[in-house]
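Positions are given from 1 along the sequence.
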Amino acid sequence: MYAPLQLTKDKNRVAFSSITTFKRKKALSDVDGNLFSKHNVLQTHSTRSTQSIVQRRVLNLDSSDPTSVEASKIAANRERAVGRSPGVIMTDDDIQALLTMGKGEELTIIAHGSPMFGKDEPTVAGKTAQELFDYLVHTGLRVEHTGVINLSACTTAWARWGEKSFAERLRDILQKNGRTNKVTGFRSFVESLDVDTEVESAYDERETRLALAHFGRYTMAFMKLVDREETEDEKNEVVQSLVKSAQNHIREVSKAGSSIERVSQIPQEVQDYHLAIGQLLMSFKRRYNENDTPSKKAAFSGGVYEEMRVIHHTLRNQAFGGKDESPKVTALPVTFDNR
């Protein structure tokens, strides 16, 4: 059995690579990333304003995920911490969750976030900015609503490769459709520790964190390939997804080598990682299909996964000395005004 890496969750800590909750703090659109090097580690405590604001809605877009559920509670309880009623928590099961939301009420969206990677657009809860907008309208977001939309997910404000971030894309779509909402997001991988404290990965470590984050997805994919209960059609879908992933890793290497500026953005060990994973997966489909029985296919898949595990641990050792990452720094949300 090829089990995923074991992650431990302290009862007082919500540690999640793609979940955070929004701290009301002045957000700067032009924060100097150099302030967030791994050598400038800061402690953070909430400096929320205590002036009266309208009630907050918290929309959990992954109600089946325990960490997402906990993050939603923290977001709602931030209102209680400053003497107001806790925010109202809604889930993706609520068909018309936003229909009764007040005109100026803030909306905090709890979800996984992913930046642009290869040919893939940035996403929140697996949705592109257009898909999320369509979903919000479907669940009752009215044109008259002017409240801030807080994207409480990782990397939503990361304009990777110079392309627009998820938050910018959503802001532009809102504007195009006659909406005036401001949108907030984060430039890095964020976690919420409690109602007073939020931290994120240092900006100069984002590329490494992004590379390592893919390993968890591959672990789940390869577990399906060695699972006897998975159907052949389900396994073929996994194989196709691995082919697409290979193309994205190779594209990352190509992008990094297209200019001196981009080479400097991505550490050499991260480029080596993308190349190794891309090459390993590029020929996977052909070699997988060369095995003529389910047991041979499973054994082959397990062997490839072990090769991938070695590549993953090599990067982790090079970057963080065997740890998951360096200590995080103060998390600062970024606000995108609706011009």
Side-chain angles (χ1 to χ4, degrees), residues 1-9 15-19 62-68 111-115 117-121 123 125-127 189 207-254 269-320 322-325:
M1 173 63 67
Y2 297 91
L5 295 178
Q6 295 300 309
L7 303 178
T8 59
K9 190 180 81 170
F16 190 40
S17 64
S18 300
I19 287 287
D62 192 358
S63 56
S64 63
D65 179 42
T67 310
S68 182
H112 293 270
S114 298
F117 183 76
K119 292 183 178 181
D120 294 340
E121 291 185 43
T123 60
K127 304 178 190 296
F189 296 87
E207 290 293 347
T208 304
R209 287 279 288 108
L210 176 60
L212 294 175
H214 285 87
F215 184 68
R217 300 177 186 177
Y218 295 141
T219 296
M220 299 305 297
F222 278 94
M223 285 183 69
K224 289 183 179 181
L225 292 179
V226 301
D227 188 346
R228 294 180 180 180
E229 295 183 2
E230 294 287 331
T231 67
E232 195 61 33
D233 286 343
E234 290 170 331
K235 291 183 178 181
N236 286 335
E237 287 184 13
V238 172
V239 171
Q240 284 301 120
S241 72
L242 292 176
V243 171
K244 180 181 178 182
S245 295
Q247 295 169 344
N248 279 339
H249 282 286
I250 296 299
R251 185 175 179 83
E252 285 293 307
V253 177
S254 176
E269 61 265 26
V270 175
Q271 296 184 51
D272 294 342
Y273 175 91
H274 286 308
L275 182 61
I277 295 293
Q279 290 176 337
L280 182 64
L281 294 180
M282 189 62 74
S283 61
F284 179 81
K285 181 178 180 179
R286 173 182 57 79
R287 294 189 294 155
Y288 178 84
N289 289 328
E290 287 174 353
N291 294 275
D292 56 3
T293 66
S295 60
K296 288 182 179 180
K297 283 180 166 65
F300 168 72
S301 300
V304 172
Y305 175 71
E306 286 304 313
E307 292 183 61
M308 184 175 290
R309 187 196 290 267
V310 171
I311 296 171
H312 170 83
H313 284 296
T314 297
L315 175 58
R316 194 172 68 165
N317 288 335
Q318 289 175 329
F320 306 127
K323 300 178 181 179
D324 288 332
E325 62 181 319

Taking the side chain as every heavy atom from C-beta outward, state whether Leu280 and Phe284 have any pair of such atoms under 4.5 Å apart. no
Answer with yes or no after comparing the ring centroid distance for His214 and Phe117 against a 6.0 Å cut-off, counting only values under it. yes
I'd like to know if the side chain of Tyr288 reaches the main chain of Val239, judged simply by a donor and an acceptor atom lying under 3.5 Å from each other, with no hydrogens or angles considered. no
* Close side-chain approach of Ile311 and Phe215, heavy atoms under 4.5 Å -> no
Between Arg309 and His312, is there a side-chain donor-acceptor contact under 3.5 Å, judged purely by atom types and distance? no
To the nearest 0.5 Å, atom CZ of Arg286 lies from atom CD of Glu290 at 5.0 Å
Checklist entry - Under a 4.5 Å cut-off applied to non-hydrogen side-chain atoms, are Gln318 and Asp272 in contact? => result no
Would you please test Asp65 and Ser63 for side-chain hydrogen bond (donor to acceptor under 3.5 Å, both in side chains) and show each step? CA-CA 6 Å; Asp65 179 42; Ser63 56; over 6 Å; no
Exercise for the section: Would you check if His313 and Arg316 make a side-chain contact, meaning some heavy-atom pair closer than 4.5 Å? Expected result: yes
* Does Leu225 reach the side chain of Leu242, with side-chain heavy atoms less than 4.5 Å apart? -> yes
* Minimum side-chain heavy-atom gap Thr208-Phe320 below 4.5 Å -> yes
Practice task
Please confirm whether the backbone N or O of Gly118 pairs with a side-chain atom of Glu252, one donor and one acceptor, at under 3.5 Å?
Solution key: yes
So do Gln247 and Val243 actually touch side chain to side chain, heavy atoms under 4.5 Å? yes
